[in-house]
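For reference, the structure is listed below as structure tokens.
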Amino acid sequence: MPTILIADDNEDLRGMLRQLFEADGYAVLEAADGREAAEAAVRERPALVVMDLGMPGMDGLSAVAEIRRHVTPSETNILIVSAYDRLEYRTEAVAAGCAGFMAKPLDPGALLGTVRLLLRQGAGEAATFD
């Protein structure tokens, strides 16, 4: 069973995503900020990190950079989910080594479909989803 790390400072959203992913058979880890997410991703090597951009302490792109210093895209995919839906954020996310970008508010069905696709196709393949 693949493990997904949810990195978002919104506790309610983390809870909703945890329920969604666990109901689909995934193991789930959670992080409330970028530093915690980077540390957990390096330590646990989840199959996928679902990362918010706007978090306290260390933002999502900084956390991605820290993860990528230690964990290759072939080991762990990173999917950005963010309300910061501008082209430059999407471009920066893919350039930083993320597999894709989805804008908030999230459609649970579309998110789950994207997660399944990313986990099925393997790490290291970049795409932008909506």
Side-chain angles (χ1 to χ4, degrees):
M1 156 185 359
T3 300
I4 298 172
L5 170 61
I6 303 165
D8 199 297
D9 58 325
N10 184 312
E11 186 176 352
D12 291 336
L13 181 61
R14 286 196 321 270
M16 187 273 296
L17 294 178
R18 172 182 279 283
Q19 288 178 349
L20 180 71
F21 296 147
E22 286 180 342
D24 209 45
Y26 300 107
V28 176
L29 303 170
E30 293 183 37
D33 62 51
R35 171 69 52 210
E36 189 180 333
E39 291 171 358
V42 170
R43 182 181 61 250
E44 301 293 334
R45 310 288 168 125
L48 178 67
V49 178
V50 176
M51 177 82 71
D52 185 24
L53 288 180
M55 292 185 287
M58 177 186 283
D59 65 71
L61 284 176
S62 297
V64 169
E66 181 63 22
I67 292 167
R68 286 295 175 239
R69 278 193 272 283
H70 304 281
V71 183
T72 65
S74 63
E75 293 176 276
T76 298
N77 260 327
I78 302 173
L79 173 65
I80 297 294
V81 293
S82 179
Y84 302 138
D85 186 22
R86 295 187 11 213
L87 180 60
E88 65 258 26
Y89 293 120
R90 290 173 178 263
T91 303
E92 287 178 36
V94 172
C98 296
F101 187 108
M102 290 187 76
K104 292 179 181 177
L106 296 167
D107 173 274
L111 175 62
L112 197 53
T114 298
V115 165
R116 289 174 182 158
L117 177 66
L118 289 174
L119 292 175
R120 184 173 56 244
Q121 74 186 20
E125 296 182 34
T128 300
F129 303 98
D130 268 328

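Inter-residue side-chain proximity for Glu30 and Leu5 is flagged as unmet; no heavy-atom pair is nearer than 4.5 Å. Taking the side chain as every heavy atom from C-beta outward, Leu61 and Leu53 approach each other to under 4.5 Å. When side chains are defined from C-beta on, Leu79 does not count as touching Phe101, because their heavy atoms never get closer than 4.5 Å. Counting only heavy atoms from C-beta outward, the side chains of Met51 and Val81 never approach each other to under 4.5 Å. With contacts defined as side-chain heavy-atom distances shorter than 4.5 Å, the pair Leu29/Ile4 does not qualify. For the pair Val115/Phe21, a side-chain contact is recorded, criterion being any heavy-atom separation below 4.5 Å from C-beta on. Leu17 has its side chain out of reach of Asp8: every pair of non-hydrogen atoms, C-beta onward, lies at least 4.5 Å apart. Contact check for Val28 versus Thr3: no side-chain heavy atoms found under the 4.5 Å cut-off.
Under the 4.5 Å side-chain heavy-atom criterion for grouping Ile, Leu, Val, Met, Phe, Trp and Tyr, Leu13 is connected to Leu48 within one hydrophobic cluster. Cluster membership check: Leu118 shares its hydrophobic cluster with Leu106, using side-chain heavy-atom separations under 4.5 Å among Ile, Leu, Val, Met, Phe, Trp and Tyr.
Between the CZ atom of Arg18 and the CD atom of Glu11 there is a distance of 11.0 Å, given to the nearest 0.5 Å. The CD atom of Glu75 sits 11.5 Å away from the CD1 atom of Ile67 when rounded to the nearest 0.5 Å. The CE atom of Met55 lies 11.5 Å from the CG atom of Asn10; values are rounded to the nearest 0.5 Å.
Surrounding OH of Tyr84 are at most 12 heavy atoms belonging to other residues, nucleotides or ligands under 6.0 Å away.
In this structure, Asp52 contributes its side chain and Ser82 its backbone to no donor-acceptor pair below 3.5 Å. Side-chain atoms of Thr76 come within 3.5 Å of backbone N or O of Pro46 as a donor-acceptor pair. Looking only at distances, a side-chain donor or acceptor of Arg68 sits under 3.5 Å from a matching main-chain atom of Val71. Remark: the backbone N or O of Ala110 is paired with a side-chain donor or acceptor of Thr114 at under 3.5 angstrom.
The minimum heavy-atom distance linking Asp59 with Ser62 is given by the pair OD1-N, 2.9 Å. Closest approach of Ala47 to Leu119, counting heavy atoms only: CB-CD2, 3.6 Å.
Using a 4.0 Å cut-off between charged nitrogen and carboxylate oxygen, Asp9 and Arg14 do not count as a salt-bridge pair. Between Asp85 and Lys104 there is no salt bridge, since no side-chain nitrogen of the basic residue lies less than 4.0 Å from a carboxylate oxygen of the acidic one.
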So Asp24 and Arg116, side chain to side chain contact (heavy atoms under 4.5 Å, CB included) or not? Walk me through it. CA-CA 9 Å; Asp24 209 45; Arg116 289 174 182 158; 2.7 Å; yes
For side chain to side chain contact (heavy atoms under 4.5 Å, CB included), just list the numbers for Asn77 and Val49, CA-CA rounded to whole Å, side-chain angles, deciding distance to a tenth of an Å, and then say yes or no. CA-CA 6 Å; Asn77 260 327; Val49 178; over 6 Å; no
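No side-chain donor-acceptor contact under 3.5 Å links Glu88 and Thr91.
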Residues 32-43, side-chain donor-acceptor partners within the protein, below 3.5 Å, at least two apart:
unit_1: Asp33; atom_1: OD1; unit_2: Arg35; atom_2: N; d: 3.1
unit_1: Asp33; atom_1: OD1; unit_2: Glu36; atom_2: N; d: 2.7
unit_1: Glu36; atom_1: OE1; unit_2: Ala32; atom_2: N; d: 3.4

